[in-house]
Amino acid sequence: SFVSNLPMRPFSSSSSFGYFEVTLTALQENCIVSIGLALESLPSTSLPGFAASSMAFVSDGTRSHCRRKTVVCSPYLPDGFAPGDVIGCGYFPPTGDVFFVKNGVFLSQGFSLSSSRSKHLMHAAVGSDGGCILSCNFGTHPFLYSIANEARGPVSGQQPQP
């Protein structure tokens with residue numbers, strides 16, 4: 001697992017959320033991938049959503065979070081995600097709301113952090129329990145989710161759309 005160096009913040013003063021996308025290219029059979037948010041202290045041996053103060057959309061179609069050492073998993077998307085899918089995760093720091101996107105389509109609010117937890121600096125977190133090939137986009141390339149592109153603004157060298 002890895003956690004981003006910098007916490008998730010809004011793209012700019014005119015945007016209210018931060019966002020990143022993960023493209024899953026290959027996945028070993030029976031491998032689980034977790035994409036979400038965590039405190040910076042997520043152990044590299046733990047999957048997001050299964051370690052303290054973390055939450056994630058899991059490739060088996062569940063959403064998972066760990067609070068007070070208790071892991072809670074609930075159904076989220078029946079078909080989960082697989083190689084070829086692009087999964088996005090957005091975070092509204094002022095409200096603590098977390099949402100997920102699959103292949104450019106907004107899924108729904110994934111989690112709502114309590115007001116005390118939303119004050120923490122949450123980091124992008126991605127992990128797997130086996131072999132996989134994936135890439136992360138924090139805004140250096142256009143996102144599949146168009147609303148995130150509007151919030152981010154043009155990528156360096158990219159012309160704004162009329």
Side-chain angles (χ1 to χ4, degrees), residues 1-9 11 17-93 96-114 117-118 120-149 152 155:
S1 293
F2 78 86
V3 177
S4 62
N5 291 331
L6 299 174
M8 294 290 291
R9 294 205 166 106
F11 290 113
F17 70 96
Y19 180 80
F20 71 101
E21 287 181 341
V22 176
T23 301
L24 188 58
T25 304
L27 183 65
Q28 285 182 337
E29 191 174 338
N30 299 319
C31 177
I32 295 290
V33 175
S34 268
I35 299 169
L37 301 174
L39 292 179
E40 188 176 22
S41 59
L42 178 76
S44 63
T45 56
S46 297
L47 291 176
F50 297 89
S53 299
S54 67
M55 65 222 53
F57 177 23
V58 184
S59 57
D60 66 3
T62 61
R63 57 184 175 174
S64 177
H65 70 281
C66 184
R67 188 165 183 200
R68 296 188 182 107
K69 299 183 181 181
T70 301
V71 175
V72 179
C73 294
S74 59
Y76 188 59
L77 188 67
D79 60 346
F81 54 92
D85 288 332
V86 177
I87 303 301
C89 179
Y91 177 51
F92 290 90
D97 290 337
V98 179
F99 66 91
F100 295 100
V101 171
K102 180 179 177 184
N103 298 325
V105 177
F106 179 82
L107 296 177
S108 70
Q109 180 175 321
F111 299 96
S112 187
L113 302 177
S114 67
R117 289 182 73 205
S118 68
H120 293 294
L121 297 176
M122 300 302 289
H123 295 251
V126 178
S128 74
D129 68 355
C132 67
I133 299 172
L134 54 82
S135 59
C136 297
N137 177 13
F138 290 93
T140 55
H141 302 287
F143 293 118
L144 206 52
Y145 182 51
S146 61
I147 293 172
N149 287 322
R152 182 205 62 228
V155 174

Open item on the list: To the nearest 0.5 Å, what is the distance between CG on N30 and CG on D60?
Closed with: 11.5 Å
- [ ] Kindly indicate whether the side chain of D85, heavy atoms from C-beta on, has any atom under 4.5 Å from the side chain of K102.
- [x] yes
- [ ] Would you indicate whether the side-chain heavy atoms of F20 and L37 approach each other to under 4.5 Å?
- [x] yes
TODO: Find the distance between OG (S34) and CD1 (I87) and round it off to the nearest 0.5 Å.
DONE: 11.5 Å
Open item on the list: Looking at every heavy atom in both G131 and C31, which two are closest together, and how far apart are they?
Closed with: O-SG, 3.7 Å
Open item on the list: Quick one, Y91 and R9 - any side-chain contact, counting heavy atoms below 4.5 Å?
Closed with: no
- [ ] Verify side chain to side chain contact (heavy atoms under 4.5 Å, CB included) between V126 and C136, making sure each step is shown before the conclusion.
- [x] CA-CA 9 Å; V126 178; C136 297; 4.3 Å; yes
Task: Minimum heavy-atom distance between S1 and S128, given as atom pair plus value - done: OG-N, 4.4 Å
Open item on the list: Is it the case that the ring center of F106 lies less than 6.0 angstrom away from the ring center of F99?
Closed with: yes
TODO: Search all heavy atoms of M8 against all heavy atoms of P93 and return the closest pair with its distance.
DONE: O-CG, 3.9 Å
TODO: Can you see which heavy atom on S54 is nearest to which on F50, and at what distance?
DONE: OG-N, 3.7 Å
Open item on the list: Please find the pair of heavy atoms, one from N137 and one from P142, that lie closest to each other, and give the distance.
Closed with: ND2-O, 3.4 Å
Open item on the list: Just so I know, are the side chains of Y145 and N103 near enough to count as touching, which here means a heavy-atom distance under 4.5 Å?
Closed with: no
Open item on the list: Just verifying a value: how many Å separate S53 OG and H123 NE2, rounded to the nearest 0.5 Å?
Closed with: 11.5 Å
Open item on the list: If the test is side chain to side chain contact (heavy atoms under 4.5 Å, CB included), which one of V58, V22, L24, L47 qualifies with I35?
Closed with: V22
TODO: Starting at OG1 of T23, measure out to CG of L134 and round the result to the nearest 0.5 Å.
DONE: 8.5 Å
Task: Exceeds 12 heavy-atom contacts within 6.0 angstrom, atom CG of N5 - done: no
TODO: Can you see which heavy atom on P48 is nearest to which on M55, and at what distance?
DONE: CB-O, 4.4 Å
Task: Check: F143 ring centre within less than 6.0 Å of Y19 ring centre - done: yes
TODO: Working to the nearest 0.5 Å, report the span between CG of L27 and OG of S59.
DONE: 6.0 Å
Open item on the list: If I take atom CD from residue E21 and atom CZ from residue F100, how far apart are they, to the nearest 0.5 angstrom?
Closed with: 13.0 Å
